[in-house]
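Report on the following structure.
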Protein chains: 2
Amino acid sequence: MNGRSAQRLAKLQEALASGGTLHLRDAAELCDVSEMTIRRDLTTQPTAMTLLGGRLVMANYPGVTPIYDLTEQQASHYQAKYRLCQRVLAFIEEGDTLFIDCGSTLIPLLSQLSHFRELTVVTYALNVANAVAALPNMRLVLLGGLFYAASQSFGSDNMAAAIERLGINKALISAAGVDLERGVSCFHFHEVAPKQAAIATAMQRLLVVDASKFGVVRPAYFAALDDFDVVVTDEEGAPQLLEGHGRDVPAVTVA
Amino acid sequence: MNGRSAQRLAKLQEALASGGTLHLRDAAELCDVSEMTIRRDLTTQPTAMTLLGGRLVMANYPGVTPIYDLTEQQASHYQAKYRLCQRVLAFIEEGDTLFIDCGSTLIPLLSQLSHFRELTVVTYALNVANAVAALPNMRLVLLGGLFYAASQSFGSDNMAAAIERLGINKALISAAGVDLERGVSCFHFHEVAPKQAAIATAMQRLLVVDASKFGVVRPAYFAALDDFDVVVTDEEGAPQLLEGHGRDVPAVTVA
DNA sequence: CACTAAATGTTATAATTTTAACATTCACGC
DNA sequence: GCGTGAATGTTAAAATTATAACATTTAGTG
């Protein structure tokens, strides 16, 4: 433990507080020590900063997502979601007005939508909106309200009414749990109203879920399985969906 | 221009959307191309990502905005905005419900808000929402609608009504033009309703504009200068604001 | 089906960053 | 002042990342 060490780090953190990066050489100059000393400070002392390619950046800031490397597992998990969304893509047509649910499942779909010339996306999720906003030739309608960080989505008392006013063509719904008998559920209660409204108003309803969701029940039920026209799932999910059921299961597409 | 380039970048951006970094080698593997291709994508196409020490990071991620490659002019311009926002900060109190306007002027304010324990932010701008969503202890209300990419904001026919339902304490309004006689203007017509509604309902109204906005007129007028209680501007803006006027000018704060 | 141009891959090289080892300086008690 | 250990600086080598040049593949065209 060294008082100067801590003092230098505090100074640097202050410099970075407004965001940005500081090259190690500049950090050293700022503190009037050698680069090696800054390096040692960073490894010796606990700090909210990290060194990335010779540059100092803020990480682990209270509440701010820390800088970390995506693990291979995370990357491959993303690949699976990507394949699922490739399947969903087959259902989308030029001119559609899509309702896109919150969560991470449908995110990989969005960049694929840039192929279409005329598409409207309706969502109540911030991450979905950001992905769509980055695309050209896309009409985006975000249903606002109070922000729920856990699901990156918004909730408001008149969201259902707002959704029913829109001419939604296809509803792409995701879920946190699918139980063949009990129904389809999610974590957060504020998601129930928009999901149900989208299911009620859309002309075609797709449930997009990977295998891990089957047999799971989450706090908030929002639909029965046969409320959907199509279920898109992966190789592992399909058998679970079909077994012990055969009558009122929607069409199934496997990624 | 290359469609695949854009598609790859979109895919990577999605993978990084929830934060973190992705090593170039993993990014190349994910897209099934060579590292060189990803490098070229990044330099060829406009993107929100940047390469930092061989790792791909979201450039607009809180704390990772790379300022080192900005021109000095840009850096100083940002510094000016930052100072302006520092002044605005003095008007904000614990427990406030703030209306925050769209544009880039007020963005540097947002990261400073993390010092407060209890704050509500109301906005109709996507970039503002993203900055606030990254902060802890913050209540965020986003007014949704149809997305306008040029101003990164939303517009809807009932936005004014939605704003007037909220208990907004202080309205922080920015503008593209301030003419001492003709009034305050912005570029986009859909911004007029929310700005006016916020001005109408807020208990305190602050106009935040740097010197470059004075004497400029933009397509859409939305207020008179004396609709505001305070004008926050910089050293160069203050004299322009005061000259030839003296009666109905609001209090002026200089950054 | 050959031709062309764009896109991508490969390789070698340059530049940068990281690490390790050792030298030097500084603070402080005796 | 001297000795001691911590802190810092310096240097060289290793590892990593970036760049440039050229080879190869691919997509589109006549």
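Proteins come first, then strands; the chains are lettered A, B, ... in the order of their sequence lines, and each starts at number 1. Just so you know, these numbers use all the heavy atoms, side chains as well, and skip hydrogens, waters and symmetry mates. Remember, it's a predicted structure, so these values are computed and weren't measured experimentally.
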Out of dT10(D), dT8(C), dT17(C), minimum distance to the side chain of Arg55(A) belongs to dT17(C)
Name the orientation class of the two ring planes belonging to Phe154(B) and Phe147(B) (parallel below 30°, tilted from 30 to 60°, perpendicular beyond 60°).
-> tilted
Got Leu12(B) and Asp41(B) here, is their nearest side-chain heavy-atom distance under 4.5 Å?
-> no
OP1 or OP2 of dA7(C) under 4.0 Å from side-chain N/O of Arg8(B) = no
Starting at atom CG of Leu56(B), determine the distance to atom C1' of dT17(D), rounded to an integer number of angstrom.
-> 14 Å
Does the salt bridge (charged side-chain N to carboxylate O under 4.0 Å, His left out) test come out yes or no for Asp234(A) and Arg83(A), once each step is laid out?
-> CA-CA 8 Å; Asp234(A) 51 33; Arg83(A) 276 201 302 278; over 6 Å; no
Candidates dT8(C), dT8(D), dT17(D) - which lies nearest the side chain of Thr37(B) = dT8(C)
note: Leu52(B), atom CG; dT16(D), atom P; distance rounded to Å ~ 18 Å
Starting at atom CD of Glu35(B), determine the distance to atom P of dG9(C), rounded to an integer number of angstrom.
-> 11 Å
For Asp26(A) and dT16(C), give me the distance from atom CG to atom P, rounded to whole Å.
-> 14 Å
Atom CG of Leu42(B) and atom P of dT19(D): how far apart are they, to the nearest Å?
-> 11 Å
Salt bridge between Asp227(A) and Arg205(A), side-chain N to carboxylate O under 4.0 Å?
-> no
Report the residue (Arg4(B) or Thr43(B)) whose heavy-atom-nearest nucleotide on DNA chain D is the more 5′ of the two.
-> Thr43(B)
Considering only side-chain heavy atoms of Met36(B), which listed nucleotide, dT17(C), dA20(D), dT8(C), is closest?
-> dA20(D)
Between Asp41(B) (CG) and dA6(C) (P), how many Å, whole number?
-> 17 Å
Which whole-number value in Å describes the distance from Leu51(B) CG to dA18(D) C1'?
-> 9 Å
Ranking dT18(C), dT17(C), dT8(C) by distance to the side chain of Arg25(A), first place goes to dT17(C)
Below 6.0 angstrom between ring centroids: does that apply to His188(A) and Tyr148(A)?
-> no
Ignoring the backbone of His23(B), work out which of dA27(D), dT8(D), dT17(D) is nearest its side chain.
-> dT17(D)
What's the closest nucleotide to the Arg40(B) side chain, out of dT17(D), dA27(D), dG9(C)?
-> dG9(C)
In whole angstroms, how far is the P atom of dA7(D) from the CG atom of Asp32(A)?
-> 19 Å
Within less than 4.0 Å of OP1 or OP2 of dT18(C), is there a side-chain N or O belonging to Arg39(A)?
-> yes
